[in-house]
K.L.:
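Below: one structure in structure tokens.
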Amino acid sequence: MNEVLKNNKGLSLTIGKSLFKNPVFVNSGTFAGGVEYNAFFDISKLGAVTTKSFSLEKKEGNAPPRIWETSSGMLNSIGLQNEGINYFLDTQLCKMKELGADIILSIFGCDTEEFKKIAAKIKTIEKELKAVELNLSCPNVREGGMAFCAAPGQIGPVVSEIKNIIDVPLIVKLSPNFNTIIESAIISKENGADAISIINTITGTAFDIETFKPRLANISGGLSGPAIKPVALFHVYRLAKEKILPVIGMGGISCWQDAVEFLIAGACAIGVGTANFINPVISEKIIEGIAGYMVSMGFSSLDEMVGKAIKES
Amino acid sequence: MNEVLKNNKGLSLTIGKSLFKNPVFVNSGTFAGGVEYNAFFDISKLGAVTTKSFSLEKKEGNAPPRIWETSSGMLNSIGLQNEGINYFLDTQLCKMKELGADIILSIFGCDTEEFKKIAAKIKTIEKELKAVELNLSCPNVREGGMAFCAAPGQIGPVVSEIKNIIDVPLIVKLSPNFNTIIESAIISKENGADAISIINTITGTAFDIETFKPRLANISGGLSGPAIKPVALFHVYRLAKEKILPVIGMGGISCWQDAVEFLIAGACAIGVGTANFINPVISEKIIEGIAGYMVSMGFSSLDEMVGKAIKES
Amino acid sequence: MKLLSGEILANKKYGSSLYKLEVFSPYICRNAIPGQFVEVKCSTEDATDPLLRRPFGIYEIDKRFNVFSLLYIVRGKGTAFLSRMEKGQNLDFIGPLGNGLKFDLDDGKKYILIGGGIGIAPLCLAAAHLAEKEKEILFIAGFKDNVFFSWEKDIAKITQNYRIFTEDGSFGEKGLPTSYLAANIKKLNNSIIIACGPSDMLRVIQEILVNAHGFTALSLLEERMACGIGACMGCVIKIKEADGTVVYKKVCSDGPVFNLMEVIFE
Amino acid sequence: MKLLSGEILANKKYGSSLYKLEVFSPYICRNAIPGQFVEVKCSTEDATDPLLRRPFGIYEIDKRFNVFSLLYIVRGKGTAFLSRMEKGQNLDFIGPLGNGLKFDLDDGKKYILIGGGIGIAPLCLAAAHLAEKEKEILFIAGFKDNVFFSWEKDIAKITQNYRIFTEDGSFGEKGLPTSYLAANIKKLNNSIIIACGPSDMLRVIQEILVNAHGFTALSLLEERMACGIGACMGCVIKIKEADGTVVYKKVCSDGPVFNLMEVIFE
Ligand SMILES: Cc1cc2nc3c(=O)[nH]c(=O)nc-3n(C[C@H](O)[C@H](O)[C@H](O)COP(=O)(O)OP(=O)(O)OC[C@H]3O[C@@H](n4cnc5c(N)ncnc54)[C@H](O)[C@@H]3O)c2cc1C
Ligand SMILES: Cc1cc2nc3c(=O)[nH]c(=O)nc-3n(C[C@H](O)[C@H](O)[C@H](O)COP(=O)(O)OP(=O)(O)OC[C@H]3O[C@@H](n4cnc5c(N)ncnc54)[C@H](O)[C@@H]3O)c2cc1C
Ligand SMILES: Cc1cc2nc3c(=O)[nH]c(=O)nc-3n(C[C@H](O)[C@H](O)[C@H](O)COP(=O)(O)O)c2cc1C
Ligand SMILES: Cc1cc2nc3c(=O)[nH]c(=O)nc-3n(C[C@H](O)[C@H](O)[C@H](O)COP(=O)(O)O)c2cc1C
Ligand code: FES
Ligand code: FES
């Protein structure tokens with residue numbers, strides 16, 4: 001353990017009124033509630049565990065097959081299968097607390113009403129959450145999902161209504177599939193959001209040339225993994241430069257060098273997703289890697305490092 | 001040589017009034033004029049050689065470094081370096097003809113005026129061209145380029161003005177960086193275009209974590225190669241389903257199976273780009289592979305095969 | 001389950017595209033039960049293609065030497081990579097994964113293990129386990145052709161009570177394992193059937209058993225996987241539960257062992 | 001230039017991260033000239049990461065056995081892959097590429113070859129070529145440390161007239177090759193200088209030569225490449241031509257040999 005890691009403050013950051021111990025989060029939908037991954041390492045070490053997105057009611061998700069591997073990437077069309085917000089409140093929250101996880105709760109609604117109802121439900125436990133992430137960018141559902149990003153005007157009411165109900169830092173998660181990230185970030189800020197998280201997956205597809213059937217029952221899915229890293233990094237850099245809201249960067253991060261690249265491009269924190277599937281201890285390794293990098297580069301706090309590439313270019 | 005290949009018609013297709021001997025084209029900017037690649041195989045076998053995009057005057061392009069490799073992909077920021085349309089007319093056309101290449105001339109202008117002037121220049125040799133491709137989607141130039149796709153309204157005048165001047169099938173090449181492909185295709189059709197070619201590269205970036213400098217002097221560049229294949233295929237499928245114009249599909253195609261995947265997803269022809277760099281004879285191999293596939297699947301013409309996945313899904 | 005690295009002791013060619021990979025791993029040998037699987041990294045440390053781990057059922061466990069093995073068919077990039085690995089290199093894998101087969105050894109039942117193609121792999125570990133406990137087993141294997149020819153010596157070491165069928169008759173008897181099952185269904189009753197193989201085969205067995213009595217039928221299923229540990233919801237299949245409700249279950253963590261009669265094939 | 005496949009005859013470790021790869025290829029041995037390079041595929045046939053070919057200068061050509069070799073440093077994914085290749089495997093490469101060095105052997109000039117780090121690799125082929133033609137050469141090599149230690153036996157076979165400098169003094173003399181050049185510039189005049197190495201080194205040489213007379217200076221440059229054959233415009237550098245105009249030139253096909261005095265370093 002080196003200086004920067006020992007002195008907790010070196011890696012810490014705040015989003016809204018929440019303090020995070022380090023900038024390494026895990027991405028919604030790739031880590032469930034963390035219980036499985038705790039078999040591999042102590043998940044309380046993470047800056048935050050972002051939960052799978054929860055909707056008001058249980059959602060059964062899309063028909064299988066739901067995943068398909070592509071060159072350095074994967075397509076998924078899970079379709080937000082989840083047990084509903086009550087499951088989080090009644091079962092999962094308590095397990096995550098036991099493991100000492102710092103929690104970002106990801107929620108999903110197909111309209112403002114559903115979001116409001118979820119917000120009302122989590123009101124009572126809001127103190128247990130570091131932040132709430134609004135998934136406005138799922139490519140795999142018919143209603144809501146990335147439709148919000150196609151028509152950013154709809155983002156305003158969702159954010160402001162939720163802000164009225166709960167007093168937790170709000171993160172808005174956006175899609176790269178429309179050229180609306182900056183516009184959406186401005187609207188999110190105006191309505192009280194505390195951070196933007198980008199990117200959700202990029203829409204893609206694949207077909208079986210023997211049967212002519214799509215590889216995913218849902219036809220299209222979301223591309224994630226190293227293949228999308230340069231695109232994600234570009235969106236993070238472009239948004240961070242605008243200094244609208246803090247940006248949580250994600251998309252293909254697979255090693256500490258990738259994480260550092262997002263941080264210097266302007267992300268205040270980063271999220272590890274698909275890489276967890278390949279190496280279940282990678283997020284722990286990334287924390288260590290960032291700390292080691294900071295020591296070797298002489299950075300004593302994240303602030304000194306975040307956005308370095310913006311300043312230099 | 002098998003049946004489908006022997007019987008030339010099996011692999012042939014028409015775009016506008018031009019007949020192409022097979023659906024395997026090479027992508028603008030990845031094959032120069034084909035002279036270099038003719039050292040590796042007989043380029044007259046290709047369905048078409050799409051030239052590097054030519055502007056009215058010589059363009060020096062962006063500062064180096066111009067390329068950076070990413071996971072299963074590459075970023076480029078060439079910035080349309082080219083010798084100007086006169087070089088094509090005076091020097092390159094003749095070399096390409098000597099080699100027996102079927103030519104798609106790619107042209108680029110920063111506004112309608114420049115496009116018109118180029119069109120006027122090529123009027124005299126229009127019979128030598130199978131088609132003209134309008135590059136309205138370069139991510140690496142400040143003026144013109146993908147700005148056309150950001151504001152598809154500007155596409156109409158360019159297409160119609162060129163159509164007034166030259167009588168060659170017109171292909172409009174579009175960008176995936178805005179959610180405007182379908183809208184742009186409709187406008188292109190209304191103004192007389194004969195086909196759409198998608199996708200040009202996806203904007204991305206990369207930084208050096210030691211120096212904080214961007215890996216490309218131009219900061220961002222266009223992502224190409226296998227990494228983008230699922231995204232390109234999705235755009236092709238989505239546009240082809242609308243049956244607006246024939247679609248020439250490209251983006252990450254690296255083997256005949258990839259090519260077939262694009263064809264069954266609805267592309268009338270396909271383009272090989274980045275893969276030429278990795279295997280300079282791949283486009284010839286892809287022609288053979290498609291023919292072999294058609295024989296084994298019992299297809300006797302491209303028509304039977306194109307869009308099969310649309311019909312089945 | 002753990003993230004493990006184990007030395008490869010052998011990577012033997014069994015047939016044109018069939019290999020057996022032997023790996024040193026005290027942890028797997030101590031903890032794995034039949035039906036469980038491992039997820040193997042099939043690319044060099046720094047390359048991102050192929051990206052995802054590949055799941056393989058555990059084929060054999062030799063506790064004396066702390067060696068387990070996989071039996072695999074080369075299909076695509078990942079298995080091609082695996083086939084090029086050599087003795088002395090380390091295999092990067094996660095395991096043991098999945099629910100596995102839990103046997104009630106006092107139930108006095110016979111076991112019928114019925115496998116199609118590479119589906120015989122995880123069944124062999126089950127057979128070895130049952131044979132060791134001196135349970136009565138019948139192993140029925142079906143193949144397209146004679147690629148599995150040299151596998152016979154492995155099964156013969158476990159039990160003499162096996163039947164091999166090939167579609168083209170090039171190895172064992174000509175025919176389908178499911179036809180054998182259908183023809184002998186009466187005489188086999190009061191058995192526990194464990195099936196693993198292509199879904200067409202599993203579906204036929206399900207149909208045969210719908211009208212038969214006195215069977216418990218378990219199946220080992222396959223679905224494409226990403227995480228392999230129950231976190232991503234990528235590997236679901238449709239299950240009709242006892243009460244009639246239809247739900248998605250994860251093959252990696254709810255399975256890969258499912259009650260065959262509850263599986264909905266589509 | 002051709003797309004070639006050649007059997008690997010050896011892949012020897014020369015230093016901690018330095019390797020020499022020997023490949024059978026009559027075509028390269030017949031056609032390549034010093035300064036030319038090959039573009040090597042550094043991934044298995046079916047994998048797409050690493051994606052692009054990697055360029056390497058030709059280090060040695062042995063016409064008797066039709067074997068050429070590369071000398072390379074392991075830097076990232078591609079060279080790591082290369083270092084794992086073994087005798088008997090086939091190398092997939094394109095070559096010979098680039099303009100190469102064309103010598104006017106009757107000019108009566110001396111040749112000073114000055115290389116930094118792995119930049120010595122292509123210079124060795126030039127040295128061998130010149131030595132064979134009995135030209136007078138001086139080979140000046142500079143390294144950070146002693147990684148290139150066992151390389152000395154290769155250069156000693158070509159010429160005894162060489163000087164080795166290291167920054168830390170761990171091998172050869174302590175110092176920089178450029179300092180040596182600067183100190184001896186007068187006495188070395190009427191020479192052809194051929195330089196290859198980091199751009200900082202090349203820039204210093206350029207500065208030294210600006211004020212010196214009687215030199216022709218050539219440099220072998222590096223830039224990231226995609227196609228390697230002049231088709232993609234990816235590998236350009238800035239050149240100030242004799243008439244003062246500044247243009248982009250392609251390292252792969254206009255170079256890698258350029259008049260050092262025309263190169264614009266930024
Ligand atoms: C629980 C389980 C146990 C298995 N046990 C064995 C075994 O013992 N021996 C054996 O040879 N094979 C087994 N398989 C199948 C094996 O995982 C695939 O053959 C392998 O993943 C193919 O990888 P590839 O890269 O060679 O093929 P590709 O076709 O290139 O793979 C592309 C993608 O599809 C996935 N995939 C392809 N085929 C399958 C499949 N049948 N099941 C799941 N995912 C697949 C791959 O994991 C990969 O993500 C098992 C699969 C599962 C789910
Ligand atoms: C004409 C020429 C001749 C060369 N000759 C030699 C030689 O004889 N021996 C030797 O060891 N090296 C040589 N190099 C450098 C060699 O190409 C790089 O070290 C190698 O490409 C690194 O690949 P990597 O995957 O290990 O590294 P990575 O850093 O992972 O490569 C990432 C990307 O950057 C490119 N790249 C990285 N370093 C360089 C570089 N210095 N020049 C050009 N592209 C680079 C790679 O090709 C790749 O596209 C030469 C380069 C050129 C242009
Ligand atoms: C299997 C899978 C499931 C996902 N589920 C969700 C989800 O429920 N909510 C969400 O906001 N994003 C979801 N995502 C998107 C990721 O959180 C992340 O934005 C994206 O995958 C890019 O990061 P990565 O490349 O590191 O995976 C999912 C991604 C994957 C691969
Ligand atoms: C080095 C390079 C240069 C390119 N230059 C052009 C160009 O001049 N005009 C154009 O329309 N597209 C250009 N493109 C885009 C390609 O034509 C193609 O649309 C894109 O690369 C996707 O295909 P690929 O993945 O097969 O390369 C270029 C791409 C690359 C990699
Ligand atoms: S593979 Fe992730 S849940 Fe099964
Ligand atoms: S690498 Fe393509 S032009 Fe030089």
Side-chain angles (χ1 to χ4, degrees), chain A residues 68 70-75 149-150 176-180 202-215 219-223 225-238 252 254 256-265 293 296-297 305 307-313, chain B residues 68 70-75 149-150 176-180 202-215 219-223 225-238 252 254 256-265 293 296-297 305 307-313:
Chain A
W68 181 251
T70 65
S71 293
S72 299
M74 65 174 279
L75 292 166
C149 293
N177 289 305
F178 310 91
N179 193 33
T180 55
I202 306 178
T203 307
T205 190
F207 294 99
D208 182 333
I209 63 172
E210 306 288 330
T211 64
F212 314 115
K213 291 225 161 63
R215 296 291 191 177
I219 305 180
S220 65
L223 184 63
I228 68 169
K229 198 196 91 179
V231 180
L233 191 65
F234 173 71
H235 285 296
V236 167
Y237 169 78
R238 194 164 62 157
S254 306
W256 68 261
Q257 290 90 340
D258 292 345
V260 167
E261 209 177 341
F262 275 75
L263 293 168
I264 66 168
Y293 169 84
S296 79
M297 300 293 284
M305 167 182 176
K308 257 287 189 186
I310 298 177
K311 290 165 208 155
E312 304 278 319
S313 68
Chain B
W68 181 252
T70 66
S71 293
S72 298
M74 64 175 278
L75 291 166
C149 294
N177 288 305
F178 310 91
N179 193 34
T180 55
I202 306 178
T203 307
T205 192
F207 294 99
D208 183 331
I209 62 172
E210 306 288 330
T211 63
F212 315 115
K213 290 226 162 61
R215 296 291 192 177
I219 305 181
S220 65
L223 183 64
I228 69 169
K229 198 194 92 181
V231 179
L233 191 65
F234 173 71
H235 285 296
V236 166
Y237 169 79
R238 193 165 63 156
S254 307
W256 68 260
Q257 290 89 340
D258 292 345
V260 166
E261 208 176 341
F262 275 75
L263 294 168
I264 67 170
Y293 169 84
S296 80
M297 299 294 283
M305 167 181 179
K308 257 288 189 187
I310 298 177
K311 290 164 207 155
E312 303 278 319
S313 67

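Hydrogens, waters and symmetry mates are skipped; everything else that's a heavy atom, side chains included, is used. In what follows, chains carry the letters A, B, and so on, assigned in the order in which the sequence lines appear, proteins first and then strands, with residues in each chain numbered from 1.
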K.L.:
Could you list the residues that satisfy side-chain hydrogen bond (donor to acceptor under 3.5 Å, both in side chains) with B/Thr70, not counting sequence neighbours?
P.N.:
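Applying side-chain hydrogen bond (donor to acceptor under 3.5 Å, both in side chains) to B/Thr70 gives none.
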K.L.:
So which atom in A/Phe212 and which in B/Lys308 form the shortest heavy-atom distance, rounded to 0.1 Å?
P.N.:
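That closest heavy-atom pairing would be CD2-CB, 3.6 Å.
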K.L.:
For a quick check under 3.5 Å, do B/Ser71 and A/Ser72 share a side-chain donor-acceptor pair by atom type?
P.N.:
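No, no side-chain donor-acceptor contact under 3.5 Å.
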K.L.:
Give the minimum heavy-atom separation between A/Ala227 and B/Leu223, together with the two atoms involved.
P.N.:
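Shortest heavy-atom separation between A/Ala227 and B/Leu223 comes out as O-CD2, 3.8 Å.
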K.L.:
Under the side-chain hydrogen bond (donor to acceptor under 3.5 Å, both in side chains) test, which residues partner A/Ser254, sequence neighbours left out?
P.N.:
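So A/Ser254 forms no side-chain hydrogen bond (donor to acceptor under 3.5 Å, both in side chains) with any residue.
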K.L.:
Counting heavy-atom pairs under 4.5 Å with chain A, which one of B/Ile228, B/Thr203, B/Ile202 comes out on top?
P.N.:
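Max contact count across the listed options: B/Thr203.
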K.L.:
Any non-hydrogen side-chain atom of B/Ile219 less than 4.5 Å from a side-chain atom of A/Tyr237?
P.N.:
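B/Ile219 vs A/Tyr237: side chains touch.
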K.L.:
Please report the shortest heavy-atom distance between B/Ala309 and A/Phe207, naming the atom on each side.
P.N.:
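Where B/Ala309 meets A/Phe207 most closely, the heavy atoms are CB-CD2, 3.6 Å.
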K.L.:
Hey, could you give me the OG1/NZ distance between B/Thr205 and A/Lys229, rounded to the nearest 0.5 Å?
P.N.:
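Those atoms lie 10.0 Å apart.
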K.L.:
What part of B/Pro214 gets within 4.5 angstrom of chain A, counting heavy atoms only: side chain, backbone, both, or neither?
P.N.:
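For B/Pro214, side-chain heavy atoms alone lie under 4.5 Å from chain A.
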K.L.:
Which atoms form the tightest heavy-atom contact between B/Ile264 and A/Ile209, and what is the distance?
P.N.:
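B/Ile264 and A/Ile209 have their closest heavy atoms at CD1-CA, 3.9 Å.
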K.L.:
How about A/Phe178 and B/Phe178: are their ring centres within less than 6.0 Å of each other?
P.N.:
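They do not qualify: ring centres at least 6.0 Å apart.
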K.L.:
Please report the shortest heavy-atom distance between A/Ala206 and B/Leu233, naming the atom on each side.
P.N.:
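Where A/Ala206 meets B/Leu233 most closely, the heavy atoms are CA-CD2, 3.6 Å.
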K.L.:
Looking at every non-hydrogen atom in both residues, tell me the closest pair between A/Met297 and B/Glu210 and how far apart they are.
P.N.:
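Taking A/Met297 first and B/Glu210 second, the nearest heavy atoms are CE-O, 3.5 Å.
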